[in-house]
Structures are given as C-alpha cells and as structure tokens.
Amino acid sequence: MIPISQPDIQEDEINAVIDVLKSGIIVQGEKTQELEQLFTKICGTKYAVAVNSGTAALHTALYAAGIGPGDEVITSPFTFGATANSILMVGAKSIFVDITLDSYNIDASKIEEAITPNTKAILPINLYGQAADYSKIQTIAKKHKLLIIEDAAQSVGSKYDVRASGNLGDIGCLSLYATKNIMCGEGGMITTNDKEYFDRAKLFRNHGQPENEKYNYLDLGFNYRLTDIAAAIGIEQVKKLSQYTSRRQSIAKKYSESFNDVPGIITPIIKSNRTHVFHQYTIFVTDEFKLSRDELQKYLFEKNIQTNVYYPKPLNKFDQFLSSGTFTNATKAAKRVLSLPVHPQLTDDDVNYIISTFLHI
Ligand SMILES: *Cc1c(COP(=O)(O)O)cnc(C)c1O
C-alpha cells in the first residue's frame, strides 16, 4: 500500500534523539530553544514559542491574544476540529464563514458580513499548504480592529507575496505532528512579532510560571511544554524543509500535468502571489468523472493507493460548535475532495504508478 502520509525518519533524527536521551536534559531545554530560533528564521518573526502540539499552539495563541468568553472568532468550517475546539477552549465562539472552491480557504469577501460588535479575531486556515487571501483579510482586520490568528498547521514554508506563513497575521500557529510537512512526533509552535503575546504565550505553556521562577504563578496556564526529545527531531527536519517542499511541489506539478485534461477532475489551483507547499494534493471530483469520489477512493485503495478525505464533514454540522447558516461550498467540498499521496517519501515509481493507475480508469 502506498500510504497517504509517512514521516521521514532517518539516522539524523534517530541519533539526535539518542544524544538528547544521553544528555539527561529531556524537557524544554536547549534543543527546544534551538528549534524556536529556527522557526523565527523560517517564519521571519521576532519570536517563536514551542509547545507540545498544534492544538496547544492555537489554544495558547487565543489565550495570549486575550480572547475569552463572549468573544467571537471568524473562521472556516472546512478544517480540522482543532481549530474550532481551541476557540471553544478559551470560551469564545466560532463564527463560520464559507470557503471558496478554488482555494478551499475562507472566502474573504464574506468576512465583513459576519462581523459583530463581539468579533475579536479572524482565524484563517492555510488549508492543504496554501495561504488564505491575506491581502483582503489584513485590510478587513485593520478596518474593524480585529486580530489575525493564522492556523498555519499545514503551511510551514509557504508564502503570501514575500511574507512567510506564520508571519501573515498577529500570531501564527504551526504543527509538528507526525504527518505534517516537518514533524517531531507531537509538537507545535507559536510565532509572533509582538512581545506581549510572546511573553503571555511563554507563561501559558508552563502554568503561568516565568522561566527561572518556579511556583510563582503570574497567569493562567497549562503544561504545554515540548520535550527536547521531540525538539531534536524537529531540528533535523527543519534542515530538510526546503528539500521536502521542492519534492512535494514537483510531485504536485507532475500530477496536475497528468490530470488537468481528465474530464471531471479539478486539480489544485495555485493562487496568485502564493507559494503552495502541498501539505496535501487535493482534487475535486465532479459528476462528469466516470466514478463518484467515494468510488474513486475505493478503486485506488484496491490498487494499493491510500487516499483520504480532508474533511468529510464541515465543522458547522457538529452541535458543539453551535453554528447557524449554510455553507454551500464547504458542504460541496466535503462531498467531492480527495487527497492523493504527495509526501517526499514517494519514489518516482510510486508517482508514476499512481498517475498511470488513475489515467486507466
Ligand atoms: C494538524 C492540524 C492542527 C492541529 O495540530 P496538532 O499538532 O495535531 O495538534 C490544527 N489545525 C489544522 C488545520 C491541522 O491540520
């Protein structure tokens, strides 16, 4: 079976972990600091705070930004549950705005109509590895004095114009989960240029205690600390980020060249001013195609190609997110998208096999 995702674990990662274990300092030490420094470089921000998941990064960012009960956060329903769960965790409410079908990201032209006196922030997701429409989103945020919190869990290394993902809003939230473009097993990162958010985030990840001042609880907090074991893996992965990204982009290019002319298949659109890092390569299957999306998935599975649906049910359909309104495009996408393997572990033979299997349907 060709898997939909597969972490790249080489001798570098293994040796780095062994070194940390032998050092005896395994929690939030030098390696974690080194990883934070590397992320300020990747994202181009002044600060980065490492935490132990992308979900923790979102929760910490929302808390650090002062978002709480009674506040509303505008986001897209076409995302992983972590986005909306984090909003709920600080006691705020997700206000969903539909996506555009050419990007699967929040439709910036519909954001303004969702703004109320309670709106505090816009939380766009850079789905599949491509930035949302930040020029429009930044204009709206400025006009209405809203914060932008970026869910950059899928978009490490991507860009909008010259600015890197993680630096497209007031706070960026990245994930280093095992299947992400770079990973450390479980991990996350908050990026910002704002000293106050940076300080609050650092307190929040460690029970409100200042570094070097244990048992002095200055603020609310949790245990969101990253281990140096994980950070050491992350450091090795960062070294390979640009190589990984180019491989993903070149596989994606090959797929699109092969599938562009297949009736009923819409290949991913790279929007202007954006660098797509192809966390996922996601096609849209229309009625014109010979098989339905689900039949296509089953067919590929029988040919030993694992695919996945990100995401089968938009978040507005779950009671806990308490959302009114219809989200036509998100609903359509949930029925019709299919992601093919695009990770750097694929060999040229795998890629050619996937293409020829697909073209023979
Ligand atoms: C992976 C992901 C998260 C959460 O990251 P974890 O590290 O798994 O907690 C949040 N948002 C999106 C869009 C993701 O893909």
Side-chain angles (χ1 to χ4, degrees), residues 4-7 32 35 39 48-63 73-90 94 96-97 99 103-106 121-132 134 148-158 165-166 168-169 171-191 201 204-205 222-227 229-231 233-234 237-238 248 276-282 308-316 318 321 330 333-334 337 339 342-343:
I4 181 76
S5 59
Q6 193 177 1
T32 299
L35 186 64
F39 268 82
V49 180
V51 288
N52 53 26
S53 72
T55 309
L58 283 163
H59 187 193
T60 303
L62 286 157
Y63 184 81
V73 178
I74 292 175
T75 191
S76 148
F78 196 57
T79 177
F80 181 53
T83 316
N85 274 335
S86 306
I87 295 169
L88 268 186
M89 285 298 273
V90 294
S94 298
F96 294 122
V97 165
I99 56 168
S103 72
Y104 306 107
N105 281 326
I106 194 165
I122 306 169
L123 203 170
I125 299 101
N126 305 322
L127 205 70
Y128 305 144
Q130 175 164 241
Y134 283 90
I148 301 173
I149 298 173
E150 206 190 328
D151 184 338
Q154 303 188 359
S155 57
V156 63
S158 80
S165 179
L168 298 173
I171 312 184
C173 304
L174 296 96
S175 168
L176 288 152
Y177 176 63
T179 63
K180 299 286 154 80
N181 286 26
I182 50 174
M183 64 95 206
C184 67
E186 294 273 15
M189 194 68 68
I190 297 134
T191 50
F204 192 69
R205 77 170 161 186
F222 276 143
N223 173 5
Y224 278 159
R225 295 183 302 264
L226 187 69
T227 67
I229 306 168
I233 301 173
Q237 293 266 303
V238 166
R248 285 178 181 272
H276 197 321
V277 296
F278 288 99
H279 173 60
Q280 300 296 343
Y281 181 90
T282 303
N308 217 342
V309 175
Y310 303 104
Y311 294 94
K313 197 169 165 182
L315 299 187
N316 57 285
F318 295 89
F321 301 126
V337 293
S339 298
V342 71
H343 55 83

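Order of listing sets the numbers, starting from 1, for every ligand and every atom in it.
Protein heavy atom in closest approach to atom 15 (O) of ligand 1: Q154 NE2, 2.8 Å. Distance from atom 1 (C) of ligand 1 to its nearest protein heavy atom, with residue and atom name: K180 NZ, 1.5 Å. Among protein heavy atoms, atom 11 (N) of ligand 1 sits closest to D151 OD2, 2.9 Å. Protein heavy atom closest to atom 6 (P) of ligand 1, with residue, atom name and distance, is G54 N, 3.4 Å. The nearest protein atom to atom 9 (O) of ligand 1, hydrogens excluded, is given as T55 OG1, 2.5 Å; this is a heavy-atom distance.
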Derivation of the side-chain contact (heavy atoms from CB on, under 4.5 Å) call for V156 and V277
CA-CA 8 Å; V156 63; V277 296; 5.8 Å; no

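Between F78 and Y104, the angle of the ring planes lies from 30° to 60°, which puts this pair in the tilted group. Ring planes of F321 and F318: perpendicular class, angle over 60° (limits at 30 and 60°).
Contact record, I149 with A61: CG2-CB, 4.1 Å, taken as the closest heavy-atom pair. Residues A48 and F39 come closest through the heavy atom pair CB-CB, 4.1 Å.
Of all the atoms in ligand 1, the ones that sit under 4.0 Å from a non-hydrogen atom of I125 are 13 (C).
In this structure, the separation between NE2 on H279 and OG1 on T179 is 5.0 Å, given to the nearest 0.5 Å. Between I106 atom CD1 and N126 atom CG the span is 11.0 Å, to the nearest 0.5 Å.
Proximity of A82 to ligand 1, defined as any heavy-atom pair under 4.0 Å, is confined to the side chain (atoms from C-beta onward). Under 4.0 angstrom from ligand 1, the non-hydrogen atoms of T79 all belong to its side chain.
At least one N/O-N/O distance between S175 and ligand 1 falls below 3.5 Å.
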